[in-house]
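Everything numeric in this text was worked out from a predicted model, so none of it was measured. Keep in mind that the numbers below use all heavy atoms, side chains included, and drop hydrogens, waters and symmetry copies.
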Amino acid sequence: MKPSQFFKRSELTATLWLFRREFVLVGAFSLLANVLMLSPTLYMLQVYDRVLASQSELTLLAMSLLTLCLFAVMALAEWLRSRVLVGAGLRLDERLGTLIFNASFEAQLSPADPAGLAGQNPARAFSDLLQIRQFLTGSGTLAFFDAPWTPIYMALLFFLHPWLGLLGLLFALIQAGQAWFGHQRSLAPSEAAAEAWAEAGSFLQDKLRNAEVLEAMGMIGKLQLRWGQRHHTALARAAVAQHLTHSITAVSKFIRYSQQSLVLGAGALLVIDGQLSPGGMIAANLLMSRALAPVEQIVGGWRQFIGMRAAFARLEQLLLRHLPRDPAFKRVPPTGSLSLQQVGAHASKRPTPILQNINLQVRAGTVTVILGPSGSGKSTLARVLVGIWPEMTGAVLLDGLPIEGWNRLELGPHIGYLPQDVALLEGSIAENIARFGTVDPVQVIAAAQGAGLHEMILRFPKGYDTPIGEAGRLLSGGQRQRIGLARAIYGDPKLIVLDEPNANLDELGEAALFKTVEGLKAQGKTVFLITHRPAAVAVADRILILNNGQIQTEGPRDAVLAALRAVRQAGLKPVPTPDLVELTA
Ligand code: ATP
């Protein structure tokens with residue numbers, strides 16, 4: 001195994017390994033508790049066989065006091081091991097929380113991730129962590145620590161009488177067999193039920209997000225029907241799974257009750273035969289329940305164990321594929337020169353590529369206006385440019401280095417990206433502009449002024465501290481877009497990609513935007529401006545026209561415009577967008 005592989009594998013296991021001292025401690029406390037668990041049996045034996053025979057009250061008193069002390073130590077050992085486990089669980093969560101948070105966000109942008117759902121949904125990754133923590137700190141782990149005592153208690157049963165030992169062994173086997181059978185039978189129905197619930201839940205959540213549209217157009221009734229079908233499927237599957245679980249529980253209760261009485265009965269038979277003392281009979285009963293308790297716990301917690309194992313595998317995969325970056329590794333900040341070589345963009349369910357054969361060289365300090373008809377791939381190209389399109393071929397080089405090689409936390413401040421849907425987050429205007437980092441008022445105001453937003457913000461009752469409401473619901477479309485623009489130019493980004501920043505702007509707003517872009521260019525920043533409005537070419541150094549996922553024309557502005565005019569005059573090839581027709585007329 002290569003050393004790098006070793007470190008890779010150990011990302012999650014290494015964190016668990018850090019808790020070895022705690023596990024040793026838990027093992028030691030379990031040892032103590034289990035040894036002391038013999039004290040009630042010994043007490044019983046002594047009371048029946050010695051005290052009752054000798055009628056000595058003093059012996060009874062001494063024995064009782066001693067047993068009470070042992071009980072206290074046993075309770076203390078059990079309490080301590082639970083405390084150690086709970087503490088370890090909390091620290092495990094603390095250590096892994098940040099890693100999982102970062103990894104799951106990275107995974108969200110990687111559909112090809114085989115980490116399954118954990119890779120796709122940050123909340124799932126955390127529920128996986130919760131599942132592992134709950135198992136490690138719950139009765140499941142304790143049962144594993146107690147399990148090695150089962151053979152010892154069994155041996156003691158054999159020592160009392162071979163028949164009792166055999167009976168114990170038989171019940172342990174029956175319990176394990178019944179659990180295995182139950183697990184096999186109930187696994188598929190439970191999974192089907194969980195899947196159906198998840199589907200009904202996500203259907204509802206998805207529709208709730210668009211509640212306004214549904215209400216406005218009276219679509220709720222029809223959607224309720226569709227949700228109802230999913231809900232009923234989930235209910236029916238859950239009922240099947242529950243019936244099975246209840247039947248399995250009933251059988252296991254029958255086995256447990258039979259076991260308790262049969263052992264007593266077998267003991268009584270041996271006492272009648274003179275092969276066992278009455279004390280031995282009671283002790284056998286206690287020993288049997290001690291011996292079978294971990295078996296019962298393991299059997300009861302088996303499903304949790306399987307779930308935990310699957311959660312562990314998912315998290316391990318997730319962390320393996322999205323290794324934490326070395327915080328000490330720092331790159332020189334980029335200047336903003338960008339090169340695309342044979343870039344293609346794909347989507348898993350789409351047979352044809354969204355973008356193909358994209359070759360582009362852009363020097364730092366250039367403004368490139370990207371034009372093209374709807375669906376030609378402009379927004380996809382924007383994502384490729386900032387390095388967030390997951391299924392990409394070819395190379396996107398920022399200052400000569402592959403953009404995907406950057407640590408996103410380190411690269412983020414050098415990038416300004418305004419997506420089409422803006423995507424503001426719950427928080428104040430200042431926090432949104434400052435990208436939820438430490439709010440630097442001077443820079444926030446500079447960015448707001450750059451986006452032509454400062455005066456507008458000052459008119460809000462709380463100014464920059466105005467909460468924007470979830471996803472900017474309290475703002476108008478134009479205001480949202482300007483805040484998104486301010487966020488994109490906040491700080492000192494070197495590469496700025498604006499996807500239709502003027503879609504919701506009036507003429508005044510658009511003029512302010514173009515002034516901002518010119519200001520950015522003067523500062524040597526690389527700007528890509530995607531738009532449907534031909535007026536934007538006024539600020540362009542270069543123009544790129546996309547058509548059907550390919551570059552139709554790309555080059556210096558005047559050369560491209562001249563070429564388009566020539567094409568048009570010659571009536572050779574149609575210009576793809578009406579805007580360009582207007583522009584080259
Ligand atoms: P518009 O001007 O309308 O915003 P656009 O030029 O920005 O369009 P894109 O959003 O890049 O176009 O989409 C280009 C094509 O890729 C479209 O046909 C779209 O359906 C497809 N597409 C975009 N994203 C995905 C995706 N995640 N999965 C599959 N297909 C996608």
Side-chain angles (χ1 to χ4, degrees), residues 106 109-110 325 329-347 353-372 376-419 488-489 491-501 517-518 520-531 536-537 539-561 563:
E106 279 190 28
L109 294 171
S110 334
R325 321 273 173 136
F329 180 78
K330 288 261 181 291
R331 291 186 180 211
V332 181
T335 62
S337 78
L338 204 72
S339 162
L340 271 65
Q341 297 171 358
Q342 283 299 104
V343 167
H346 309 262
I354 301 174
L355 293 175
Q356 52 184 327
N357 299 328
I358 306 286
N359 290 296
L360 191 65
Q361 295 283 345
V362 175
R363 272 189 291 136
T366 309
V367 176
T368 307
V369 169
I370 302 176
L371 300 160
S376 56
K378 300 184 298 296
S379 297
T380 309
L381 181 60
R383 293 186 179 106
V384 165
L385 291 172
V386 294
I388 54 167
W389 187 261
E391 292 177 73
M392 200 201 81
T393 51
V396 177
L397 307 173
L398 179 63
D399 280 27
L401 295 171
I403 199 161
E404 71 272 12
W406 276 85
N407 175 353
R408 293 304 308 191
L409 292 182
E410 200 188 336
L411 178 64
H414 305 305
I415 301 270
Y417 174 50
L418 170 62
I489 61 177
D492 188 22
K494 294 294 188 307
L495 170 64
I496 298 160
V497 179
L498 308 173
D499 194 350
E500 297 196 28
V517 171
E518 271 166 359
L520 293 169
K521 181 182 150 183
Q523 292 168 37
K525 304 190 170 181
T526 307
V527 182
F528 286 91
L529 204 156
I530 295 171
T531 182
V537 298
V539 290
D541 293 311
R542 300 179 77 86
I543 296 178
L544 185 158
I545 300 173
L546 267 184
N547 195 16
N548 208 9
Q550 301 202 39
I551 294 183
Q552 177 167 313
T553 319
E554 194 275 325
R557 177 187 63 183
D558 295 339
V560 170
L561 289 180

S.K.: Yes or no on side chain to side chain contact (heavy atoms under 4.5 Å, CB included) for V527 and V539, after CA distance, side-chain angles and deciding distance?
M.R.: CA-CA 10 Å; V527 182; V539 290; over 6 Å; no
S.K.: How many angstroms lie between atom CD1 of I388 and atom CD1 of I415, to the nearest 0.5 angstrom?
M.R.: 9.5 Å
S.K.: Taking only residues two or more places apart in sequence, or in another chain, which ones meet E500 in a salt bridge (Lys or Arg N to Asp or Glu O under 4.0 Å)?
M.R.: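 With sequence neighbours excluded, E500 shows a salt bridge (Lys or Arg N to Asp or Glu O under 4.0 Å) to no residue whatsoever.
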S.K.: Identify the heavy atoms of A345 and T380 that sit nearest to each other, and give their distance.
M.R.: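 A345 and T380 have their closest heavy atoms at CB-CG2, 3.8 Å.
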S.K.: Under the rule for side chain to side chain contact (heavy atoms under 4.5 Å, CB included), what residues qualify as partners of L401, not counting sequence neighbours?
M.R.: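 Applying side chain to side chain contact (heavy atoms under 4.5 Å, CB included) to L401 gives R331.
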S.K.: Quick one: list whatever passes side-chain hydrogen bond (donor to acceptor under 3.5 Å, both in side chains) with Q550, sequence neighbours left out.
M.R.: none
S.K.: Tell me the closest heavy-atom pair linking M392 and V396, and the distance in Å.
M.R.: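 That closest heavy-atom pairing would be SD-CG2, 3.7 Å.
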S.K.: Looking only at heavy atoms, which two atoms of G372 and K378 are closest? And how far apart?
M.R.: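 Minimum heavy-atom separation between G372 and K378: O-NZ, 3.0 Å.
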S.K.: For a quick check under 3.5 Å, do N359 and Q342 share a side-chain donor-acceptor pair by atom type?
M.R.: yes
S.K.: Is it the case that the side chain of D399 and the backbone of T335 share a donor-acceptor pair, with hydrogens and angles ignored and the cut-off at 3.5 Å?
M.R.: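 Looks like yes, one N/O pair under 3.5 Å.
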S.K.: Rounded to the nearest 0.5 Å, what separation is found between the CD1 atom of I530 and the CG atom of L385?
M.R.: 7.0 Å
S.K.: Hey, could you give me the CG/CD distance between L360 and E554, rounded to the nearest 0.5 Å?
M.R.: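 So the CG of L360 and the CD of E554 are separated by 5.0 Å.
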S.K.: Output the distance between atom CG (L495) and atom CD1 (I403), rounded to the nearest 0.5 Å.
M.R.: 6.0 Å
S.K.: May I ask you to test the P493-H414 pair for a side-chain heavy-atom distance under 4.5 Å?
M.R.: no
S.K.: Can you sort out the partners of D541 under salt bridge (Lys or Arg N to Asp or Glu O under 4.0 Å), two or more places apart, ordered by chain and number?
M.R.: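 Partners of D541 by the salt bridge (Lys or Arg N to Asp or Glu O under 4.0 Å) criterion, ordered by chain and then number, come out as K521.
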S.K.: Is there a side-chain contact between P402 and L397, using heavy atoms and a 4.5 Å cut-off?
M.R.: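 Yes, their side chains come closer than 4.5 Å.
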S.K.: Can you name the closest pair of heavy atoms from I551 and L546 and give their distance?
M.R.: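 So the minimum-distance heavy-atom pair works out to N-CD2, 4.0 Å.
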S.K.: My understanding is that only residues two or more places apart in sequence, or in another chain, count here; which of them pass side chain to side chain contact (heavy atoms under 4.5 Å, CB included) with D492?
M.R.: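 In terms of side chain to side chain contact (heavy atoms under 4.5 Å, CB included), with neighbours along the sequence ignored, D492 is linked to K494, K525.
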S.K.: Rounded to the nearest 0.5 Å, what separation is found between the CG atom of L418 and the CD1 atom of I496?
M.R.: 11.0 Å
S.K.: Begin with the C-alpha distance, continue with both residues' side-chain angles, and end with the deciding distance and a verdict on side chain to side chain contact (heavy atoms under 4.5 Å, CB included) for L544 and L381.
M.R.: CA-CA 11 Å; L544 185 158; L381 181 60; 4.3 Å; yes
S.K.: Quick one: pull up CG in L338 and CZ in F528 and give me the separation to the nearest 0.5 Å.
M.R.: 5.0 Å
S.K.: If I compare all heavy atoms of D499 with all of S379, which pair ends up nearest, and what's the gap?
M.R.: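 Smallest heavy-atom distance, with atoms named: OD2-OG, 2.8 Å.
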S.K.: For the residue pair Q361 and S339, what are the closest heavy atoms and their distance?
M.R.: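 Shortest heavy-atom separation between Q361 and S339 comes out as NE2-OG, 3.3 Å.
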S.K.: For the side chain of W389 and the backbone of H346, is there at least one donor-acceptor N/O pair under 3.5 Å apart?
M.R.: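 Flag set: sc W389 to bb H346 pair under 3.5 Å.
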S.K.: Using salt bridge (Lys or Arg N to Asp or Glu O under 4.0 Å) as the criterion, list what pairs up with R383, not counting sequence neighbours.
M.R.: none
